Amino acid sequence: MNKVKIATVWLSGCAGCHMSLLDIDETLLDIADRIEFVRSPVVDLKEFPADGMDVTIVEGAVANEEHLEILHEVREKSKLVIALGDCAVTGNIPSMRNNRIPPQELLERVYGKERTVNGTLPTEVVPPLLDRVRPVHEVIPVDIWLHGCPPPAGVIGKAILALLDGKMPELVGRELKFG
Ligand code: SF4
């Protein structure tokens, strides 16, 4: 049986959504022989495989130029894209800097003289920040949104199981239904 290839991507988020994904416990065992985690923060493959992905799960908001590049590659190489958690779905906590503090001032506050030994701002390791933090769907089309901060493990497990059975999850009112 061909396994469904799944990637996960971590943008501007706290990793709580990935923790919730790992919390699906027995469901992981149920689906272990049907899926293959090809790329994720817990798998040591950093590049996106050229032959593409069945499903890519995105945690976090879009906060810098590197995130834009990653997301365009994700969309180009994934059949289905899931925005996992409120940071990916709405911008949530990372977007609280929007309209409050310009990116350069933010960097100076974080890396400036009062905070670090040499007070130099990063020029290589930290990608340039976007003026405004955005939810994933403002950058690429998203197929499924899973709300929550983080989404409950049970909901993530149900959604993955439904997809493996060829059903699309749909939000009806506040409940996730699987058609
Ligand atoms: Fe963390 Fe909540 Fe954002 Fe998920 S939605 S990355 S748990 S802050």
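These numbers come from a predicted model, not from an experiment. Counting convention: from 1, in listed order, for ligands and their atoms alike.
- No donor-acceptor distance shorter than 3.5 angstrom exists from the side chain of D143 to the backbone of I82, with no hydrogens or angles considered.
- Under the 3.5 Å distance criterion, the side-chain polar atoms of R97 are left unmatched by any main-chain donor or acceptor of L106.
- Around atom 3 (Fe) of ligand 1, the protein atoms of type N, O or S that sit closer than 2.8 Å are C87 SG.
- In this structure, E65 contributes its side chain and P128 its backbone to no donor-acceptor pair below 3.5 Å.
- If you number the atoms of ligand 1 from 1 as listed, the ones under 4.0 Å from a heavy atom of G148 come out as 5 (S).
- The aromatic rings of H137 and W145 lie perpendicular to each other, with more than 60° between the two planes, well past the 30° mark.
- Not one N or O on the side chain of N64 forms a donor-acceptor pair closer than 3.5 Å with the backbone of L130.
- Evaluation of the side-chain hydrogen bond (donor to acceptor under 3.5 Å, both in side chains) rule for T56 yields S78 as partners, not counting sequence neighbours.
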